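A short worksheet on the structure shown next.
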Protein chains: 2
Amino acid sequence: MNAKEVAELSGLSVRALHHYDEIGLLSPKRNAENGYREYSEEDLDKLQQILFFRQCGFSLERIKKLLSNPRFDRAGAFELQKKHLMLEKERIETMLGTLERTLKTIKGEDSMSQRERFKGFDFSYNPYEEEARQLWGDETVEKSNDFIASKSDREKKDMEKVLDKLFRELAEIRDEDPDSDLAQEAIDKMYKVFNESFGHYYSLESFAALGNMYVMDDRFKENIDKYGEGLAEFLSKAMQDYADRQSEG
Amino acid sequence: MNAKEVAELSGLSVRALHHYDEIGLLSPKRNAENGYREYSEEDLDKLQQILFFRQCGFSLERIKKLLSNPRFDRAGAFELQKKHLMLEKERIETMLGTLERTLKTIKGEDSMSQRERFKGFDFSYNPYEEEARQLWGDETVEKSNDFIASKSDREKKDMEKVLDKLFRELAEIRDEDPDSDLAQEAIDKMYKVFNESFGHYYSLESFAALGNMYVMDDRFKENIDKYGEGLAEFLSKAMQDYADRQSEG
DNA sequence: ATATACTATGACGTTGCGTAATAGTCAAAT
DNA sequence: ATTTGACTATTACGCAACGTCATAGTATAT
């Protein structure tokens, strides 16, 4: 499917589709001969998800992260989106009420408090943002960024050395099943190194979230995948499994 | 009422209120001593209107023009806004349906065409824009601006001379009733001068819209009111009446 | 009198595209 | 065979509606 067709189908403009490609939100395959974009079934699927989330008021950057998060699940997304739409419907009904009452107030048949006159308009706060965080988490990203930023150059170099060695070892087993004993032992070591190296303790939850960060945040993903294609994905899954195992047992 | 209070009431940010003041959309009086903004009852009234129109997808610039248009009436606005909200509600219901069906399709309990999968998302086109134009009109503004821009300096000077004479005459009767015979005769002359002077024919509708432009567009209003305070208002009404009369008879 | 909460203006940044400008591609009609 | 029309690409600048500082003045409570 070409750009025009997708545009007509979705109600977006072709420029918007280009934009989504530019920012890496939806990058369809290209025709090798002419470089034209070719949207597959999967792309359309993803686009629908994007539109739903956009309707929920998420930024494109945020949607990108959500969809690329390996912990993301469609069922949860559907629940979230449904909840949003129902609230949205309620808000509109509230506004319709406000509208009717305002009309009557003008005619002198009714009277309203100032607060009542603006009922239904407040849509600055996004409650789904919080819910999405809890569902698929990523608050540790900023936390960790802050931590790194707080270190001296000397400390950073030490950290890099330790991490370099660690990631090389991990890269060698990146084709194993993330849930295998071999992988889990390596992750156990990783968990300990992390807690020793970085003056602060990682809870299992934070550790899992950190794994998420490896695939969600491009800056991390790129650096990690330098040790081997797919390492970031492997680590993300293995770390999640590790956290699940430890907290259960 | 100060900025913070209005912000909390309306759900807007203080910065947004500043912005509305900057662009001349909502400029409350200032406290003479400290320069603080002080929002009156009328300002809150206007703000509510602004929020309703914004909800309908109008740009702030557009809202500004609508509200400053003398033909603007609240009853019409309410109808428009109500219509919008009901459509919006319908769209949400459509999207909820799309959402449910998509979920079922994933489970394999249903199947959808591509077109169905995107039902409810298309909100690029704004049907109210057209309706608003018909209610209160202003498309001739740009048309006329383009026309003026296309003329040579020589032609512009000629135009100015003719208009200068015309407006001086009109300014003398600006206190008459716009619907009076005296006023209407003058407007008839004006209509003929316009059609002769500017190489293109003004339909009655366009002529009336042009009158509107005189009060809506600040650049025109200022120039016209130089001939006499209130001339723009007078012309706007008289031209509208003229158009109504001619098209009836 | 100083902390806290508000206010002002100015200026630059951001999101999500729109709008050309320029150039290449493809299919159909001449 | 080429011209036309509809499509595609990339590059680049533009814009609305604010957000986000920075800086500075004001009000008021402790």
Side-chain angles (χ1 to χ4, degrees), chain A residues 1-40 43 47 49-67 121-126 129 142 218, chain B residues 1-40 43 47 49-67 121-126 129 142 146:
Chain A
M1 218 178 215
N2 64 24
K4 185 93 193 293
E5 288 167 327
V6 176
E8 275 170 12
L9 198 64
S10 64
L12 291 173
S13 66
V14 173
R15 175 67 180 94
L17 292 173
H18 285 179
H19 182 59
Y20 291 0
D21 193 354
E22 271 172 39
I23 64 173
L25 177 58
L26 184 69
S27 303
K29 289 218 169 126
R30 302 303 190 98
N31 181 315
E33 285 184 11
N34 53 26
Y36 285 17
R37 271 162 262 252
E38 285 175 345
Y39 291 84
S40 69
D43 291 326
L47 181 56
Q49 285 287 319
I50 291 169
L51 291 180
F52 268 121
F53 275 119
R54 204 187 55 161
Q55 170 71 28
C56 290
F58 289 102
S59 74
L60 298 183
E61 194 56 40
R62 193 78 185 78
I63 295 173
K64 184 181 166 186
K65 284 189 181 173
L66 283 176
L67 294 181
F121 285 113
D122 190 350
F123 58 112
S124 46
Y125 174 63
N126 185 346
E129 182 58 35
E142 287 105 35
D218 291 340
Chain B
M1 217 180 219
N2 64 23
K4 184 93 193 294
E5 287 168 326
V6 176
E8 274 169 13
L9 198 63
S10 64
L12 291 174
S13 66
V14 173
R15 175 65 179 96
L17 291 172
H18 285 180
H19 182 60
Y20 290 180
D21 193 354
E22 272 172 38
I23 64 172
L25 176 58
L26 184 69
S27 304
K29 288 216 170 130
R30 301 302 191 100
N31 181 317
E33 286 185 8
N34 53 26
Y36 286 15
R37 270 162 262 252
E38 285 176 345
Y39 291 85
S40 69
D43 291 325
L47 181 56
Q49 284 287 319
I50 290 169
L51 291 180
F52 268 122
F53 275 119
R54 206 187 54 159
Q55 170 71 26
C56 290
F58 289 101
S59 73
L60 298 183
E61 194 55 40
R62 193 78 185 76
I63 296 173
K64 184 180 167 188
K65 284 190 180 174
L66 283 176
L67 293 182
F121 285 112
D122 190 349
F123 60 111
S124 46
Y125 174 64
N126 185 345
E129 180 57 37
E142 288 104 32
D146 289 352

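Since we're looking at a predicted model, the values are computed, not measured. Throughout, a chain's letter reflects where its sequence line sits, starting with A, and its residues are numbered from 1.
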Could you go through nucleotides 4-6 of chain D and list every protein N or O atom that sits under 3.5 Å from one of its N or O atoms, giving the distance for each pair?
none

Item checked: Rounded distance [0.5 Å steps], CG in Leu51(A) versus SG in Cys56(A) -> 11.0 Å
Check: Is the closest side-chain heavy-atom distance between Lys65(B) and Leu60(B) below 4.5 Å?
Finding: no
Next item on the list: Specify the closest pair of heavy atoms between Ala7(B) and Ser13(B), including all atoms of both residues, with the distance to one decimal.
Entry: CB-C, 4.2 Å
Margin query: A side-chain contact here means heavy atoms from C-beta on lying under 4.5 Å apart; do Arg54(A) and Leu12(A) qualify?
Written below: yes
Notebook entry, point to check: Is any side-chain heavy atom of Leu47(A) less than 4.5 Å from a side-chain heavy atom of Tyr39(A)?
Noted result: no
Margin query: Quick check for you: to the nearest 0.5 Å, what is the distance between Ile63(A) atom CD1 and Leu66(A) atom CG?
Written below: 7.5 Å
Margin query: Is there a side-chain contact between Ser13(B) and the phosphate of dG19(D), meaning an N or O under 4.0 Å from OP1 or OP2?
Written below: yes
Check: Phe58(A) CZ to dT15(C) P: how many Å, rounded?
Finding: 17 Å
Notebook entry, point to check: Are OP1 or OP2 of dA16(D) and a side-chain N or O of Arg54(B) less than 4.0 angstrom apart?
Noted result: no
Next item on the list: Kindly say whether Ser40(A) contributes a backbone atom to a donor-acceptor pair with the side chain of Asp43(A) at under 3.5 angstrom?
Entry: yes
Notebook entry, point to check: Can you find a pair of side-chain heavy atoms, one from Lys29(B) and one from Arg37(B), that are under 4.5 Å apart?
Noted result: no
Check: What integer distance in Å separates Arg62(B):CZ from dA17(D):P?
Finding: 13 Å
Note to self: Strictly under 4.0 angstrom, non-hydrogen atoms only: write out the protein contact profile of nucleotides 23-30 of chain D, one letter per nucleotide from the 5' end, B, S or -.
What the structure shows: --BSS---
Item checked: Separation of atom CD in Glu61(A) from atom P in dC17(C), rounded to whole Å -> 13 Å
Margin query: What residues from residues 15-28 of chain B pass a heavy-atom cutoff of under 4.0 Å to DNA chain D?
Written below: Arg15(B), Ala16(B), His19(B), Tyr20(B)
Item checked: Exam field: side chain Glu8(B) to backbone Glu5(B), donor-acceptor pair closer than 3.5 Å -> no
Margin query: Are Met1(B) and Leu9(B) packed together at the side-chain level, in the sense that at least one heavy-atom pair is separated by less than 4.5 angstrom?
Written below: yes
Checklist line | Side-chain N or O of Arg37(B) closer than 4.0 Å to phosphate OP1/OP2 of dA8(C) | finding: yes
Next item on the list: Quickly work out the Phe53(B) CZ to dA17(D) P distance and round it to whole Å.
Entry: 15 Å
Item checked: Distance, nearest 0.5 Å, that separates NZ of Lys64(B) from CG of Leu25(B) -> 7.5 Å
Notebook entry, point to check: Does OP1 or OP2 of dT8(D) have a side-chain N or O of Asn2(A) closer than 4.0 Å?
Noted result: yes
Margin query: Tell me the interatomic distance from Met1(A), atom CE, to dC7(D), atom P, rounded to whole angstroms.
Written below: 15 Å
